[in-house]
2 protein chains.
Amino acid sequence: MATTKDGTGTAGTPERRVVTDKVPTIRDVAELAGVATSTVSRALSKPDRVNRYTRERIEEAAAQLNYVPSSQARGLSSGRTNAVAVLVPDITNPFYFDIIRGTQHQLKAGGYTQLLVDTEESSEMELEALHKMRRSADGFILAASRLTDAQLAEVSETQPLVTINRASTSAPSVVIDTPSAVIQALEHLASLGHHRVCYVSGPPTSWSNRMRWKVFEEESAQRGMEAHRIGPFTPKTTSGAAAADAAVRTGATACIVFNDLLAIGMLQRLRERGIRVPEDISIIGSDDIFGADFCNPPLTTIASPIEQAGRVAVSMLLSQLNPVPGRASRQLAVMPTHLTIRASTGPAPL
Amino acid sequence: MATTKDGTGTAGTPERRVVTDKVPTIRDVAELAGVATSTVSRALSKPDRVNRYTRERIEEAAAQLNYVPSSQARGLSSGRTNAVAVLVPDITNPFYFDIIRGTQHQLKAGGYTQLLVDTEESSEMELEALHKMRRSADGFILAASRLTDAQLAEVSETQPLVTINRASTSAPSVVIDTPSAVIQALEHLASLGHHRVCYVSGPPTSWSNRMRWKVFEEESAQRGMEAHRIGPFTPKTTSGAAAADAAVRTGATACIVFNDLLAIGMLQRLRERGIRVPEDISIIGSDDIFGADFCNPPLTTIASPIEQAGRVAVSMLLSQLNPVPGRASRQLAVMPTHLTIRASTGPAPL
DNA sequence: CAACTTTTGGCAATCGCTTGCCGCAACGTT
DNA sequence: AACGTTGCGGCAAGCGATTGCCAAAAGTTG
C-alpha cells in the first residue's frame with residue numbers, strides 16, 4: 001500500500017498526492033488520464049475497444065492511483081456480480097472441504113469470488129439461499145443438493161447452476177461414477193471370499209446414497225451375495241457407533257459404508273468392542289477424505305477426485321455464464337473412481 | 001438494459017402481475033404498497049423510522065412480490081457491503097476449516113456474507129487480497145496472517161480487521177493461550193520422566209510458531225530439560241517424514257510439534273521406521289484437528305476451541321463495524337487451551 | 001476526391017437503493 | 001391561541017460503474 005509515487009510534477013506539498021483516505025473512482029482515473037470515464041471503463045474491460053496508446057495511458061493512471069473498480073457499482077450497472085455461490089450441506093464434512101478447495105481454486109482462476117454457504121443438510125435452507133442470493137451471485141454450485149428433482153428443475157430454470165454428486169436432467173452435473181465404484185468394491189470383497197455384505201446407508205435425501213444402494217443391491221444379487229442394508233445414519237463419525245453395532249448384528253462379514261466419516265466412526269466403535277478389522281469384519285468407506293489414510297486401520301475406500309470435481313463444476317458453470325458461440329457447454333461430467341485398498345479389508349472370516 | 005416498465009395500471013391479462021421473469025425492485029414494492037421508495041427502504045432497514053401500519057403494508061407487498069433487495073445497489077449507495085472476507089493461509093489445512101466454520105456461522109447470524117480467500121501462505125497474496133477486496137468487504141478476518149507487524153499496522157489503519165492467532169498491537173486479535181498450553185504440555189512430559197525434548201518448528205513467518213518456541217525454550221530451561229529444535233517444516237503431513245527423521249536424530253524422547261498435521265505425518269513415518277510411539281518417543285501435536293482422535297496412535301495434543309475463535313473474531317469485527325456508543329469493543333481475546341491426552345505420549349524410555 | 005466504412009472516444013441514461021433535507025400533521029406547551 | 005416538538009413520508013441527489021448511441025477522425029475504395 002501507500003505507494004508513494006506521483007508521476008507528473010505535482011509541485012506543491014511533495015509526496016502527499018496519494019491515498020488521502022478517499023478511494024479513487026473511475027472518474028479520478030479518467031481525469032488523470034485526460035479521457036472520459038466511459039473510455040476508462042472500456043479500456044479496463046474490453047481492451048480492444050480503445051486505442052492502444054490511450055489504453056496504456058489509462059492503465060498507467062489506474063496503476064498510479066492504485067485504482068480498483070468497485071464490484072458493487074460494476075455489478076449494479078452490468079448485471080453481473082462476478083461471484084458464484086457454493087452451497088454445501090455441511091461445512092463440517094471434510095468431503096466438502098475438498099470440493100470447496102476445488103471450486104475456490106478454479107473460481108479464483110476465472111476471476112470470480114466464491115460465496116460459501118452451509119445449508120445444514122436442509123432443503124429449505126438450500127432454497128432460501130438460492131433465492132436470497134439470486135441477485136448477488138451469477139451462478140450456483142450445489143454440492144450434494146438435497147432438493148427434489150422438481151425443485152431443482154424449477155430453480156435451474158431461472159438461475160445458472162451446476163450440481164455436484166447429484167445427477168439431474170435439468171441442470172449440468174458432475175457426478176462420481178458410482179456404479180463402477182460399487183462394483184469394484186464388491187468385486188474386491190468377493191475375491192476375499194465375502195458372501196454376506198451390508199450397505200450402511202447415509203441420508204435418504206442424498207441422491208448418491210440412493211444410487212449406491214441401488215447398484216449395491218443389483219450387483220450383489222448378481223454375484224449371489226447376501227445383501228443387507230442398515231440405516232439411514234447421519235454421515236458423521238458420531239453415528240459410527242450405532243452403525244457399527246447394527247452392522248455387526250446383521251451378521252455381514254463386510255460393509256460398504258456411505259462415506260468415510262461414518263466408516264471411521266464405525267472403526268472406532270468396533271475397536272472399542274474388540275471386534276477386529278479386518279479379521280472379523282471388513283469395512284469399505286467412500287470418498288477417501290482426509291484422514292482415511294491414517295486412521296486405524298487405514299481405510300479401504302472408494303476414492304474419487306473430489307477436488308477436481310469442484311474444479312470441473314466451476315468450469316461448467318463458467319462456460320454456461322460466458323458461452324462461447326461455437327461450443328455447447330457440457331451437461332454432464334462423470335468423475336472416475338477407483339478403489340484404494342488399505343488395511344480395513346481382508347479375507348472373510350471362516 | 002431493456003427495462004420494461006410501465007408503472008401504471010397495466011390492465012390486461014389478469015393474474016400475470018407476479019414473477020414475469022423480471023426481478024422486483026424496490027420500486028415495484030413501493031408502487032404496490034402505495035408509498036415512495038424511500039419509505040420502503042426505511043421500512044426494511046430502519047423499522048422504527050416508519051409508522052407501524054405503513055411498515056406492515058410494505059412488508060406485505062414485499063412478501064407478495066418476493067422481493068429481495070439488491071446487495072449491489074445497497075452497497076453502492078450505503079457504502080457497506082455486508083460482506084466480510086476471511087483470509088486463510090491454506091484452505092487445505094483442517095485447522096482453518098474449523099475457523100472457517102466458526103466465522104461462517106457467526107457471520108450468517110449477523111446477516112453477513114463470507115468471502116473466503118486462500119492466500120497460499122504468501123504475504124503478497126494476503127496484501128493483494130486485502131487491497132483488491134477493499135471495496136467489496138466491510139472488514140477482514142486474517143487467520144494466521146503472514147504479514148509483518150508493520151504491514152499489519154498499515155493495513156489496519158485503513159480497513160477494519162481482526163486477526164486470529166496473531167497478536168498485534170494495531171488490530172484486535174484472537175489468540176490461543178500458547179504459553180499456558182506449552183507449559184501444560186511440558187509439565188505432562190516432565191511428569192512422564194522426559195528430559196530431552198524437541199520442538200518441531202512450523203513456518204518461520206507464523207507468529208504462533210515463534211511464540212511456541214519462545215515459551216518452549218524458556219520453560220524447558222526452567223525445568224532443567226534439554227531443549228532441541230528442528231525445522232522449519234511446512235505444516236503438512238507430507239513434511240512429517242523429514243520431521244520425524246530429524247527428531248529421532250536429536251535423541252529427544254519427546255516432541256512438541258507445531259501442529260497436528262505435521263505430528264500426524266511424523267506418526268506415520270515413525271511407524272514405517274518401526275519406531276514405537278509412545279514407547280520410544282512421545283509426540284504432542286497442537287490444535288486438535290479433525291483426525292487427531294482417530295489417527296494411530298491417537299494424538300495427544302494441545303486443544304483449543306478453534307471454531308469458537310472464529311466466532312469470537314467475527315463478533316469483534318462486527319462490533320467494530322457497528323459500534324455501540326457506550327461499549328468499547330474488545331481488542332484482545334485469549335482462547336483457553338487444554339492438553340488432550342491420548343495415546344501418543346507415555347513414559348520416557350529408560 | 002467523394003463516398004463509405006471502421007475506429008475511437010464522449011455523452012448521458014441507467015442500474016437499485018440509501019439518505020439528507022424538507023414539509024405536513026398531530027400533539028403538547030406556555 | 002400562537003408556537004415549538006415529534007413523527008412520518010416524499011423528493012431528489014447521489015453511489016460508481018456500464019453501455020447504447022452518436023459524432024468526429026481515420027482509413028478504404030473506386
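Values below: every heavy atom of this structure, side chains too, minus hydrogens, waters and symmetry copies. In what follows, chains carry the letters A, B, and so on, assigned in the order in which the sequence lines appear, proteins first and then strands, with residues in each chain numbered from 1.
Counting to the nearest Å, the P atom of dG16(D) and the CZ atom of Arg134(B) are 12 Å from each other. The CD-P distance, from Gln72(A) to dG14(D), rounds to 20 Å in whole Å. Distance CG (Leu65(B)) to P (dC17(C)): 12 Å, rounded to an integer number of Å. Between the P atom of dC17(C) and the CG atom of Asn82(B) lies a distance of 14 Å, rounded to the nearest Å. Atom P of nucleotide dT7(C) and atom CG of Asp48(A) are separated by 11 Å, given to the nearest angstrom. At whole-Å resolution of the value, CG in Asn51(A) and C1' in dG10(C) are 15 Å apart. If you measure from atom OH of Tyr53(A) to atom P of dA25(D), you get 18 Å, rounded to the nearest angstrom. Distance CZ (Arg27(B)) to C1' (dT18(C)): 14 Å, rounded to an integer number of Å.
Looking at Ser145(A) and Glu126(A), their side chains do bring a donor and an acceptor atom within 3.5 Å of each other.
A donor and an acceptor atom never sit less than 3.5 Å apart when one is taken from the side chain of Ser78(A) and the other from the base of dC15(C).
Ranked by how close their nearest DNA chain C nucleotide is to the 5' end, Arg52(A) and Pro69(B) are led by Arg52(A). Residues Thr37(B) and Thr37(A) both approach DNA chain D. Their nearest nucleotides, taken by heavy-atom distance, put Thr37(B) toward the 5′ side.
When heavy atoms are screened at a 4.0 angstrom cut-off, Tyr67(B) is found touching the sugar-phosphate backbone but no base atom. Within 4.0 Å (heavy atoms only), Ala73(B) reaches at least one base atom of the nucleic acid. Contacts of Arg135(B) with the nucleic acid, taken as non-hydrogen atoms under 4.0 Å apart, involve only primed sugar atoms and P, OP1 or OP2. Contact annotation for Val40(B): no contact, since no heavy-atom pair falls under 4.0 Å across all strands. Backbone-only contact: Ser70(B) has heavy atoms under 4.0 Å from sugar-phosphate atoms and none from a base.
In this model, the phosphate group of dG9(C) is approached by a side-chain N or O of Thr54(A) to a distance below 4.0 Å at OP1 or OP2. Side-chain N/O atoms of Thr39(A) include one lying less than 4.0 angstrom from OP1 or OP2 on dG10(C). Taking side-chain N and O atoms only, Lys46(A) has no distance below 4.0 Å to OP1 or OP2 of dT18(D). Contact check, Ser41(B) against dC17(C): no side-chain N or O comes under 4.0 Å of OP1 or OP2.
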How far apart are the C-alpha atoms of Ser136(A) and Gln72(B), what are their side-chain angles, what is the distance that settles it, and do they pass the side-chain hydrogen bond (donor to acceptor under 3.5 Å, both in side chains) test? CA-CA 7 Å; Ser136(A) 36; Gln72(B) 311 267 359; over 6 Å; no
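Of the candidate nucleotides dG10(D), dG16(C), dG9(C), dG16(C) has the atom lying nearest to any side-chain atom of Leu76(A). In the set dC17(C), dC21(C), dT18(D), dC21(C) carries the atom at the smallest distance from any side-chain atom of Arg49(B). Between dT19(C), dC21(D), dT19(D), one nucleotide has an atom nearer to the side chain of Arg80(A) than all others, and that is dT19(D). With dG9(D), dT18(C), dT19(D) as the choices, the nucleotide that has an atom nearest any side-chain atom of Arg42(A) turns out to be dT19(D).
Across Pro69(B) and Arg135(A), no two heavy atoms sit closer than the pair C-NH1, 4.4 Å. Closest approach of Ala73(A) and Ser70(A) over heavy atoms only: N-OG, 3.0 Å. Of all non-hydrogen atoms in Arg311(A) and Gly102(A), the two that sit nearest each other are CG-O, 3.5 Å.
The main-chain N or O of Asp90(B) is never found under 3.5 Å from a side-chain atom of Asn93(B) such that the two would form a donor-acceptor pair.
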